[in-house]
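Read the structure below first, then the notes.
Quick note on labels: first sequence line is chain A, next is B, and so on, each numbered from 1.
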Amino acid sequence: MVDFRTMANRYASQLSLCLPQNTFTHTLARTVHAHMIASGFRPRGHILNRLIDIYCKSSSIGYARHLFDQIPNPDVIARTTLFKAYATLGNLKLAKEIFDGIPLSMRDTVCYNAMITAYSHNGDGLAALKVFGGMRKEGFRPDNFTFSSVLGALSLIADDEKHCEQLHCAVIRSGLGSVTSVLNALISAYVNCASSPLVSSSLLMAAARKLFEAMPKKDELSWTTMITGYVRNDDLGAARELLDGMTEKLVVAWNAMISGYVHHRFYEVAFQMFRKMFSLGIHQDEYTYTSIISASSNAGLYKYGRQIHAYVLRTEVQPSPQFILSVHNALISFYGKFGKLDEARQIFNQMPIKDLVSWNAVLSGYVNVGRIEEAKSIFQEMPERNLLTWTVMISGLAQNGFGEEGLKLFNQMRLEGLEPCDYAYAGAITSCAVLGSLENGRQLHSQLVQLGHDSSLSAGNALITMYARCGVVEFAYSVFLTMPYVDSVSWNAMIAALAQHGHGVQAIQLYEEMLKEDILPDRITFLTILSACSHAGLVKEGRFYFDTMYSCYGITPGEDHYARLVDLLCRAGKFFEAKDVIESMPSEPGVSIWEALLAGCRIHGNMDLGIQAAERLFQLKPQHDGTYILLSNMYATLGQWDDVAKVRTLMKERGVKKEPACSWIEVDNKVHVFLVDDTVHPEVHDVYKYLEGLVLEMRKLGYVPDTKFVLHDMEVEHKEYALSTHSEKLAVAYGIMKLPIGATIRIFKNLRICGDCHNAFEFISKVVEREIIVRDGKRFHHFRNGDCSCGNYW
DNA sequence: GTAGGGTTAG
């Protein structure tokens with residue numbers, strides 16, 4: 001039988017091996033603890049305190065609390081450990097409760113320092129100072145740490161140069177003006193203050209620099225604080241100058257510099273520094289590698305990233321477990337961003353220890369390429385989740401058209417007690433955009449305002465698109481106008497919103513305004529502008545903007561841009577110009593180009609060119625149903641019914657099936673058309689009767705022999721009426737003519753409006769001279785005068 | 001004091 005003391009010594013020494021604390025040592029410590037439980041050893045004293053600390057720091061505060069509650073009279077160390085953990089989580093109420101419960105006789109300087117830091121880290125400078133006051137009143141002697149924490153608290157309150165100067169004077173008066181740690185804290189106060197948008201950062205940085213220069217003894221922290229200060233205040237030149245002046249080559253400072261370059265997108269300089277570290281013999285750590293790997297993916301340098309990966313695998317020195325974890329996490333994300341999921345998955349599977357970052361990285365990899373089913377099962381499998389996990393999943397669902405599921409998950413997240421951040425809201429709002437659910441979207445909007453998230457960029461941008469896709473451009477515009485900060489995404493979203501509603505000219509005007517505000521257009525801006533021009537018939541303007549892409553903004557047009565230009569020219573009937581453009585392309589024209597050409601030929605009945613385009617498409621993508629349908633439509637436009645029949649035979653011979661976009665017809669053999677109004681629409685019944693009559697008529701003409709109509713009353717379930725028919729979309733479309741003016745038609749779920757439907761809507765909008773707004777799972781369609789804002793056949 | 005996982009636009 002081993003006695004308690006021997007076992008205690010053994011466990012204590014095992015736990016001391018678990019330092020420094022990181023994900024790896026935490027796992028080790030938990031194993032040690034499991035062993036204690038298995039062998040019946042009941043930890044107490046410093047062993048128990050150490051365990052509490054470890055559970056607190058490895059995000060298992062609930063279990064730490066459980067251990068804590070079992071101690072009859074916990075000492076000051078255990079209490080401090082626990083309230084520090086609560087404070088880190090932002091739960092100051094519980095933290096204060098524990099701190100207040102520490103008897104005066106038990107208190108020490110350390111616990112006061114911790115409470116001051118707790119408040120100042122949570123942004124409550126005044127409360128921190130109050131604790132400091134209480135400490136002095138009770139006669140505790142402040143030490144250097146106290147001063148550093150108090151300075152941190154003061155720097156929160158000091159929001160301009162004057163406060164910082166007062167702080168400076170106070171330090172000198174206190175006689176601590178030459179203590180390095182105190183001066184470091186003061187410099188850090190200046191630097192933090194400089195990041196505030198309300199003050200002159202250059203003045204404060206100059207003051208910090210002066211202080212730094214005059215320091216009697218600088219340590220590593222002094223240098224790093226100063227360098228990161230410059231980096232954070234966007235003065236990379238000054239940061240670099242300082243770094244180059246350092247005699248000691250400190251890896252932390254180099255990492256800070258590299259990360260600065262990466263964040264400012266100076267990838268090449270970051271790589272140069274990385275290489276220089278080798279020649280100077282500076283030992284790189286996980287921070288260096290993670291920055292460089294992320295730089296490779298941001299810069300689109302797949303090969304470079306792979307080289308880094310290969311190098312990491314080759315290194316002879318045994319890397320630390322923390323190094324392996326961090327670097328592999330970065331690599332998972334790197335491969336994920338390039339869509340190389342097999343590589344990402346392989347790294348993930350082989351990792352000896354995974355943390356939440358690894359799981360989130362692999363999850364977003366699957367989400368990004370749209371492999372939602374696999375993403376869902378990863379989400380289910382995850383041992384723990386955080387705000388980020390939920391956000392990735394929600395927006396992933398939304399972006400892949402699963403609006404309902406996205407909203408569901410968003411609600412589930414709230415049920416589990418997580419407070420969604422603005423990014424999560426953005427995902428939920430996108431879900432509403434996908435569903436065309438104005439009601440839900442407006443609700444989320446008002447919640448955002450209540451929560452004070454309404455100045456958020458991402459949420460605002462999502463709102464613009466949501467309102468636009470739900471058919472209310474005015475709301476989209478008012479969001480855009482009231483957003484305190486906008487970026488190029490906001491401008492793009494708003495320009496697209498106008499273009500989608502057929503306001504091509506206004507879209508272009510907004511684009512011109514954007515240029516006046518010195519916002520640089522990007523490749524997406526040009527895609528939007530080109531299709532806006534296309535719908536407004538602004539050929540000259542479209543060509544002009546296309547030309548400025550490279551000449552003014554250095555953006556090389558991609559195939560998608562060429563396709564829009566071809567579309568623009570063909571819609572206007574300028575086939576010669578379109579051919580010139582295609583021939584001038586730097587690379588071999590692909591599917592989208594020939595499709596644009598064929599679609600244009602269909603509109604204008606340009607048979608010869610249309611057939612040429614179709615032949616190219618058959619070569620490139622023989623199974624693509626769109627080509628056959630466009631071609632047969634072209635023949636139909638010209639009344640060449642024999643040729644239409646030939647195309648259909650060709651489809652059968654080649655076994656061409658309709659794309660999934662349309663195969664939903666086969667899935668449940670029903671078309672759902674919803675009226676978005678919440679009110680009961682008696683006209684639905686009229687439409688139903690009308691359709692019945694229509695079908696009878698069509699049958700007489702030998703058309704749609706097997707059409708049946710079913711009228712669903714779905715009021716209870718969806719508060720909406722549904723009309724469903726068997727396979728006959730055209731009849732539904734005609735039926736819609738009977739709907740009240742201004743009714744919005746929504747194709748439910750993740751469905752896309754089909755080609756026949758689209759034609760019918762185009763036709764109706766021309767004949768009845770009425771604007772029809774339809775949205776489906778993918779796009780917004782605004783039909784006016786025989787044309788549709790979506791710009792595509794389907 | 002440094003890093004790795006998120007969002008929004010076509």
Side-chain angles (χ1 to χ4, degrees), chain A residues 184 187-188 191 219-229 231-232 250-260 262-263 285-295 297 322-323 325-334 336-337 355-365 367-368 386-396 398-399 421-430 433 456-466 468 483 486-497 499-500 521-532 558 560-561 564 779 790-792:
Chain A
N184 282 346
I187 293 177
S188 152
V191 164
D219 66 2
E220 294 184 344
L221 190 60
S222 330
W223 284 94
T224 323
T225 310
M226 206 54 223
I227 290 171
T228 48
V231 169
R232 275 206 214 131
L250 189 66
V251 67
V252 184
W254 277 68
N255 289 343
M257 197 66 231
I258 289 180
S259 105
V262 174
H263 284 137
D285 60 10
E286 56 264 41
Y287 290 86
T288 328
Y289 276 97
T290 45
S291 286
I292 286 299
I293 292 166
S294 121
S297 55
Q322 188 60 49
F323 180 92
L325 180 68
S326 302
V327 169
H328 281 185
N329 286 346
L331 283 169
I332 292 175
S333 139
F334 167 82
K337 279 185 186 141
D355 65 2
L356 191 51
V357 178
S358 335
W359 281 95
N360 283 340
V362 84
L363 177 74
S364 57
V367 162
N368 285 340
N386 62 2
L387 197 60
L388 207 136
T389 319
W390 288 88
T391 310
V392 170
M393 200 63 221
I394 292 167
S395 44
Q399 279 188 338
C421 60
D422 57 334
Y423 290 146
Y425 268 99
I429 293 166
T430 306
S456 151
L457 242 183
S458 45
N461 292 343
L463 281 172
I464 296 175
T465 307
M466 185 274 292
M483 278 168 73
V486 287
D487 63 358
S488 66
V489 177
S490 329
W491 285 91
N492 289 346
M494 196 57 231
I495 294 170
Q500 281 167 351
D522 55 21
R523 33 180 307 109
I524 290 165
T525 319
F526 283 107
L527 285 177
T528 313
I529 281 298
L530 285 170
S531 54
D560 37 5
H561 295 100
R564 304 250 168 150
R779 281 202 183 89
C790 80
N792 285 313

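Rounded to a whole Å, the CH2 atom of A:Trp491 is 16 Å from the P atom of B:dG10. One atom, CE of A:Met393, and another, P of B:dG6, lie 14 Å apart when rounded to the nearest Å. Between the P atom of B:dT2 and the CG atom of A:Asn184 lies a distance of 13 Å, rounded to the nearest Å. The nearest whole Å value for the distance from the OH atom in A:Tyr289 to the P atom in B:dT2 is 21 Å. Taking atom CG of A:Leu463 as the reference point, atom P of B:dT7 lies 17 Å away to the nearest angstrom. Per the geometry, CG belonging to A:Asp355 stands 16 Å off P belonging to B:dA3, to the nearest Å. If you measure from atom CD1 of A:Ile227 to atom P of B:dG1, you get 14 Å, rounded to the nearest angstrom. Going from atom CD1 of A:Ile529 over to atom P of B:dA9 covers 17 Å, rounded to whole Å.
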Steps toward side chain to side chain contact (heavy atoms under 4.5 Å, CB included) verdict (A:Ser490, A:Leu457): CA-CA 8 Å; A:Ser490 329; A:Leu457 242 183; 3.7 Å; yes
side-chain hydrogen bond (donor to acceptor under 3.5 Å, both in side chains) between A:Asn184 and A:Ser222, intermediate numbers included: CA-CA 5 Å; A:Asn184 282 346; A:Ser222 330; 2.8 Å; yes
Step-by-step side chain to side chain contact (heavy atoms under 4.5 Å, CB included) determination, A:Thr290 to A:Asn329: CA-CA 8 Å; A:Thr290 45; A:Asn329 286 346; over 6 Å; no
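Taken to the nearest 0.5 Å, the CZ atom of A:Phe323 stands 8.0 Å off from the NE2 atom of A:His328. Separation of atoms OG (A:Ser188) and CG (A:Leu221) is listed at 8.0 Å; rounding is to 0.5 Å. For the atom pair CG (A:Leu363) and OG (A:Ser358), the distance works out to 12.0 Å, reported to the nearest 0.5 Å.
Nucleic acid contact class of A:Val392 (heavy atoms, under 4.0 Å, all strands): sugar-phosphate only. Using a 4.0 Å heavy-atom distance criterion, A:His263 is classed as a sugar-phosphate-only contact. Within 4.0 Å of A:Asp560, counting heavy atoms only, lies at least one base atom of the nucleic acid. Using a 4.0 Å heavy-atom cutoff across all strands shown, A:Asp522 reaches at least one base atom of the nucleic acid. Residue-level contact check: A:Ser488 touches neither bases nor backbone, having no heavy atom under 4.0 Å from any strand. Heavy atoms of A:Thr391 sit under 4.0 angstrom from at least one base atom. Using a 4.0 Å heavy-atom distance criterion, A:Leu356 is classed as a base contact. Within 4.0 Å (heavy atoms only), A:Leu250 reaches at least one base atom of the nucleic acid.
The side chain of A:Arg232 places an N or O atom within less than 4.0 Å of a non-bridging phosphate oxygen (OP1 or OP2) of B:dT2. When the side-chain nitrogen and oxygen atoms of A:Ser291 are compared with OP1 and OP2 of B:dA3, none of them lie within a distance under 4.0 Å. For B:dG10, the OP1/OP2 oxygens have a side-chain nitrogen or oxygen of A:Gln500 closer than 4.0 Å. Regarding contacts with the backbone of B:dG6, a side-chain N or O of A:Ser364 is found under 4.0 angstrom from either OP1 or OP2. For A:Thr465, a side-chain nitrogen or oxygen approaches OP1 or OP2 of B:dA9 to under 4.0 Å. The phosphate of B:dA3 (OP1 or OP2) has a side-chain N or O of A:Ser259 nearer than 4.0 angstrom. Remark: A:Gln399 is in phosphate contact with B:dT8, judged by side-chain N or O atoms under 4.0 Å from OP1 or OP2. Between A:Ser294 and the phosphate of B:dG4, there is a side-chain N or O to OP1/OP2 separation shorter than 4.0 Å.
Proximity note for A:Asn368 (side chain, C-beta onward) versus B:dT2, B:dG10, B:dT7: the nearest is B:dT7. Listed nucleotides B:dG5, B:dA9, B:dG10 differ in distance to A:Leu388; the shortest reach to its side chain belongs to B:dG5. Among B:dG10, B:dG4, B:dT2, the nucleotide with an atom closest to any side-chain atom of A:Asn329 is B:dG4. Closest approach to the A:Tyr423 side chain among B:dT7, B:dG5, B:dA3 is made by B:dT7 (side chain taken as heavy atoms from C-beta onward). Among the nucleotides B:dG1, B:dT7, B:dG4, the one closest to the side chain of A:Glu220 is B:dG1. Ranking B:dT8, B:dG4, B:dG1 by closeness to the A:Asp487 side chain, first place goes to B:dT8. Nearest nucleotide to the side chain of A:Ala361, out of B:dG4, B:dT8, B:dG5: B:dG5.
A donor N or O paired with an acceptor N or O is found under 3.5 Å between the base of B:dT7 and the side-chain atoms of A:Ser458. Under 3.5 Å, the side chain of A:Thr224 and the base of B:dG1 form at least one donor-acceptor pair of N or O atoms. Applying the 3.5 Å distance criterion, the base of B:dA3 shares a donor-acceptor pair with the side chain of A:Ser326.
In this structure a side-chain-to-backbone donor-acceptor pair under 3.5 Å is missing from A:Arg564 to A:Ser531.
Stacking between A:Tyr287 and the base of B:dT2 is present: ring centres sit under 5.5 Å apart and the planes differ by under 30 degrees.
Side chains of A:Thr528 and A:Asn492: a donor-acceptor N/O pair is absent below 3.5 angstrom, by distance only.
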